[in-house]
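Naming convention: chains lettered A, B, ... in sequence-line order (proteins, then strands); numbering from 1 in each chain. Predicted model only: the values in this text are computed from it and were never measured.
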Number of protein chains: 4
Amino acid sequence: MDAQPPPRGPRQRLGEDQRRKQLMAATVLEVAERGYEGATLTKIATRADVAKGLVWRYFADKDDLMEATAKATLETMRATIVDALDLGRPVPEIIRAALRLAAAQIRTHRNELVALDRILHNLPGPDGGERVITDFYEESYRGQESLFRRGQAEGSLGDFDARIMAVTYQGSIDAMLAYLEIHPELEPQDYADGLAEILLGAMKATA
Amino acid sequence: MDAQPPPRGPRQRLGEDQRRKQLMAATVLEVAERGYEGATLTKIATRADVAKGLVWRYFADKDDLMEATAKATLETMRATIVDALDLGRPVPEIIRAALRLAAAQIRTHRNELVALDRILHNLPGPDGGERVITDFYEESYRGQESLFRRGQAEGSLGDFDARIMAVTYQGSIDAMLAYLEIHPELEPQDYADGLAEILLGAMKATA
Amino acid sequence: MDAQPPPRGPRQRLGEDQRRKQLMAATVLEVAERGYEGATLTKIATRADVAKGLVWRYFADKDDLMEATAKATLETMRATIVDALDLGRPVPEIIRAALRLAAAQIRTHRNELVALDRILHNLPGPDGGERVITDFYEESYRGQESLFRRGQAEGSLGDFDARIMAVTYQGSIDAMLAYLEIHPELEPQDYADGLAEILLGAMKATA
Amino acid sequence: MDAQPPPRGPRQRLGEDQRRKQLMAATVLEVAERGYEGATLTKIATRADVAKGLVWRYFADKDDLMEATAKATLETMRATIVDALDLGRPVPEIIRAALRLAAAQIRTHRNELVALDRILHNLPGPDGGERVITDFYEESYRGQESLFRRGQAEGSLGDFDARIMAVTYQGSIDAMLAYLEIHPELEPQDYADGLAEILLGAMKATA
DNA sequence: CATGAATGAGCGTTCATTCAT
DNA sequence: AATGAATGAACGCTCATTCAT
């Protein structure tokens, strides 16, 4: 029974994907713990148990690593929620469940949420603005819009501007997560239910 | 060949308030254009047309300058909105007007909004977290809560959790501003009206 | 009886000597407390209750102030000792008394001793060396040499190289003061007596 | 016109010890020439023909570099002297030889002596005082005391307070070195012999 | 003459990035 | 390919010195 862990000698050769994941995981931890400015590539590489110089083999530069980390983290979290949803249920129920799942993340994925927030608010775009956040939220918006439209078609939701509602919905979730982050004494599920009440109220009100 | 900075004229002696404002204005511009990290005190001083060392006569350090800039900017913007509101009107009308005023800021105070966002998400608090953002949002929340309660007392608003609504309301505004920021083709007033419809729908729906 | 302290208004005009003494006294305190590097002209001027800009009216620059402070302090301390000595007594007694007086300074003029030491070991001479220390010790050496010669002429001291003895004598005192500085539990008088025994032993031994 | 520093060749990779020695050697030169304050890490690195940032790979900060330089220099010089002594000879002869060796250093290790003096008088200890100097002199004192006691036991030295004698002995050497430093026209050996006469006179005199 | 706001060279230090091994 | 020593630009900050008032 020689199932010992790999000898961990120097110069272990890992696949590119594995290396990238290692580095992005370390990035999440460092950024969550020390902030965007405080996360240095030296510390990230050390934490990922990877030679410093290798960072530049797998990422173009620091911004690239940060952007990739943000994208991967966002995608992972979105997939987690979507996978856990039963899309066969009525739309209002889906929304209620989605909000609860989102709220639960503050407990299960606090580091990812904090890191994501920090990266998104610091990543400079080509023109100095924040490009990434846009594109990714755009994808979320579209998913939500189609969900809303389905509810409207099914008659479970009233008439409203789906795009503005999607932006508002996403903004409400972000605000919820930020609020729960600084109010750890609150029960995420309770807040999620309260928010569902509000949002569904808005969605059902006939314009 | 000689890319020297243009020589400044003779020393100008300004009052403390004027200097601080000068420096904070330059800070807003730099942070808006280059982000929190990218805004260095050297560039800020240069932009303010002032010797680098002067920064430390009026601010303890970079964080102090950033915090002061955030506070002053936030206060200015809040005052602008509050002053423009007619608090004697019915609450729903006040909310509609407030949303329009907030939306209009993306045109009149884009730099301030962007800088504020970046600073608030980067300012390290005493324990390494973000303290300021909390306190300031807390102040906003309380103001909004009392407005909501007034509406509930007057019968123009239904029954809902005022705190969650305040957080959601503020989050919706932030999301709106971010969305308008990257969609300059949109008319802020239209978005504001659409958002008002949604939020007032949520507020009027009887739970 | 209106003997109140001077009103201390701004722009008090003092004589040059008074100003210089104020500044040098403050220099002694700052250097003693914060070291040579830590003593900034701003702090010195503040402590002397003098406008910062005035420093350059009374001293050419920082080094000039330091050098002047060292000279004045050294001269004052030397005069204090010499004045307290009864030069009419036999030479060995004079030496014994001088050593006791020197040792006592660690209690009465600690700041001056510390500041003097720090300045003398930091003052850069024209060529980067330490010039001042030389010239001033030279004066001391001459005084001591003539005292030693008198003792030799009177027969109370043996034969020895007066210059080397003077250097050794001064070096012994400096070592004593440094040792007493870091051994505050010792009684200065006891050390002085012990040192007198040693030095007089050396002086009386017939070569 | 183009006063650029001469371009260094390709990067050389050195062992840790070699790099540290390289940097400490440059430190000795800079401190000797420009004093403690004047010796900046920029100049030290340049003199060592090394990138500025390398200093922080091998030393924690400026004080660490200075302290390490002082310790290494002191140890080297002490070893040089001790190795050259024949400890089997009678104590008075050892002392005579030690003084000659010490005096000779002003010719062979002038920079080291000057740098050591400057560093020891400026190094801030944990409490802001000078700690290192104490500990190192303490070590010297103990060595000298035991030598003196051996001489007393052997009958070649008289009775005296060994500690005060040690402090005086060390102080005499420091004074000698400082004196020889500013009197290059003197023959170190002659001074050393003169000082030996004086100190041995003191040590042999029966109290 | 006195004041202290203004200046700017220079410091110690960090860290993304490069490259000899 | 992998390593981490080496590099150097840039940063936040200090402080001796100048000068408009």
Side-chain angles (χ1 to χ4, degrees), chain A residues 9-14 16 19 37-46 50-65, chain B residues 5 8-16 19 37-46 49-63 65, chain C residues 10-14 16 19 37-46 50-63 65, chain D residues 5 8-16 19 37-46 49-63 65:
Chain A
R11 298 207 173 219
Q12 41 172 325
R13 292 179 175 232
L14 268 60
E16 173 166 339
R19 285 277 198 226
E37 290 196 80
T40 73
L41 293 187
T42 301
K43 281 185 265 174
I44 288 172
T46 301
V50 151
K52 200 192 336 180
L54 273 193
V55 173
W56 282 266
R57 179 166 304 281
Y58 296 110
F59 299 93
D61 56 19
K62 192 186 183 187
D63 283 345
D64 184 37
L65 168 62
Chain B
R8 246 171 292 136
R11 297 182 175 186
Q12 44 170 330
R13 307 191 118 217
L14 267 57
E16 175 167 341
R19 277 282 190 232
E37 277 199 283
T40 74
L41 297 183
T42 303
K43 286 188 223 144
I44 289 172
T46 300
D49 200 35
V50 139
K52 202 187 349 176
L54 204 56
V55 174
W56 285 269
R57 176 169 295 280
Y58 295 105
F59 299 95
D61 54 20
K62 192 188 182 184
D63 284 344
L65 168 62
Chain C
R11 297 206 172 220
Q12 39 173 328
R13 293 180 175 230
L14 268 61
E16 173 166 338
R19 286 276 199 230
E37 290 197 80
T40 72
L41 294 186
T42 302
K43 279 186 264 175
I44 289 171
T46 301
V50 151
K52 197 191 337 179
L54 274 192
V55 173
W56 283 265
R57 181 165 302 283
Y58 296 110
F59 298 93
D61 56 18
K62 192 186 182 187
D63 283 345
L65 168 61
Chain D
R8 245 171 295 136
R11 298 180 174 185
Q12 44 171 327
R13 307 190 119 216
L14 266 57
E16 174 166 342
R19 277 284 189 231
E37 276 199 284
T40 74
L41 296 184
T42 302
K43 286 189 223 142
I44 289 172
T46 300
D49 199 36
V50 139
K52 200 178 4 166
L54 246 207
V55 174
W56 284 269
R57 176 169 294 278
Y58 294 105
F59 299 94
D61 55 20
K62 193 187 181 185
D63 284 344
L65 168 62

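Computed from coordinates, the D/Asp61 CG to E/dT14 P distance equals 9 Å when rounded to whole Å. At whole-Å resolution of the value, CD in D/Gln12 and C1' in E/dA20 are 12 Å apart. Going from atom CG of A/Leu41 over to atom C1' of E/dT14 covers 12 Å, rounded to whole Å. Across the protein-nucleic acid pair, C/Glu37 atom CD and F/dC13 atom P stand 20 Å apart, rounded to whole Å. The CZ atom of D/Phe59 sits 14 Å away from the P atom of F/dA5 (whole-angstrom rounding). Atom P of nucleotide F/dG12 and atom CD1 of B/Ile44 are separated by 8 Å, given to the nearest angstrom. Straight-line distance from the CG atom of B/Asp49 to the C1' atom of E/dT7: 13 Å, rounded to whole Å.
Here the closest heavy-atom approach between residue A/Asp61 and residue A/Trp56 is recorded as CA-NE1, 4.2 Å. Scanning both residues, B/Leu14 and B/Tyr58, for their nearest heavy atoms gives O-OH, 4.3 Å. Residues C/Gly38 and C/Lys43 approach most closely at O-NZ, 3.1 Å, considering heavy atoms. Between B/Arg19 and B/Gln12, the shortest heavy-atom contact is NH2-O, 2.6 Å.
Residue C/Thr40 places none of its side-chain N or O atoms closer than 4.0 Å to OP1 or OP2 of F/dC15. At least one side-chain nitrogen or oxygen of B/Lys62 sits closer than 4.0 Å to the OP1 or OP2 atom of F/dG12. Residue A/Tyr58 places at least one side-chain N or O closer than 4.0 Å to OP1 or OP2 of F/dA2. Side-chain nitrogen and oxygen atoms of B/Arg19 include at least one within less than 4.0 Å of the OP1 or OP2 phosphate oxygen of E/dA6. Not one side-chain nitrogen or oxygen of D/Arg57 sits closer than 4.0 Å to the OP1 or OP2 atom of F/dA6. OP1 and OP2 of F/dA20 both lie 4.0 Å or more from every side-chain N or O belonging to B/Arg11.
For a distance-only test at 3.5 Å, the side chain of D/Lys52 qualifies as a donor-acceptor partner of the base of E/dT13.
Comparing A/Ala39 and D/Ala39 along DNA chain E, the residue whose closest nucleotide (by nearest heavy atom) sits nearer the 5' end is D/Ala39. Residues B/Lys43 and C/Thr42 both approach DNA chain F. Their nearest nucleotides, taken by heavy-atom distance, put B/Lys43 toward the 5′ side. Annotation: of the two residues near DNA chain F, B/Arg13 and B/Gly53, the 5′-most nearest-nucleotide partner is B/Gly53.
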Decide yes or no on side-chain contact (heavy atoms from CB on, under 4.5 Å) for A/Val55 and A/Ile44, but give the supporting numbers first. CA-CA 9 Å; A/Val55 173; A/Ile44 288 172; 5.8 Å; no
Checking side-chain contact (heavy atoms from CB on, under 4.5 Å) for the pair D/Arg57/D/Leu54: CA distance, chi angles, key distance, verdict? CA-CA 5 Å; D/Arg57 176 169 294 278; D/Leu54 246 207; 4.1 Å; yes
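Within the 4.0 angstrom heavy-atom criterion, base atoms lie near B/Leu54.
Of the candidates E/dT17, E/dA20, F/dT14, F/dT14 carries the atom nearest the B/Trp56 side chain, counting heavy atoms from C-beta on. With F/dG12, E/dT17, E/dT7 as the candidates, the nucleotide lying closest to the side chain of B/Val50 is E/dT7.
With a 3.5 Å ceiling on both atom-pair distances, F/dA1 lacks any Watson-Crick or G-U wobble partner. When Watson-Crick and G-U wobble pairs are counted only if both distances are under 3.5 Å, E/dG8 pairs with F/dC15. For E/dT13, the paired nucleotide is F/dA10, the pair qualifying as Watson-Crick or G-U wobble because both relevant distances are below 3.5 Å.
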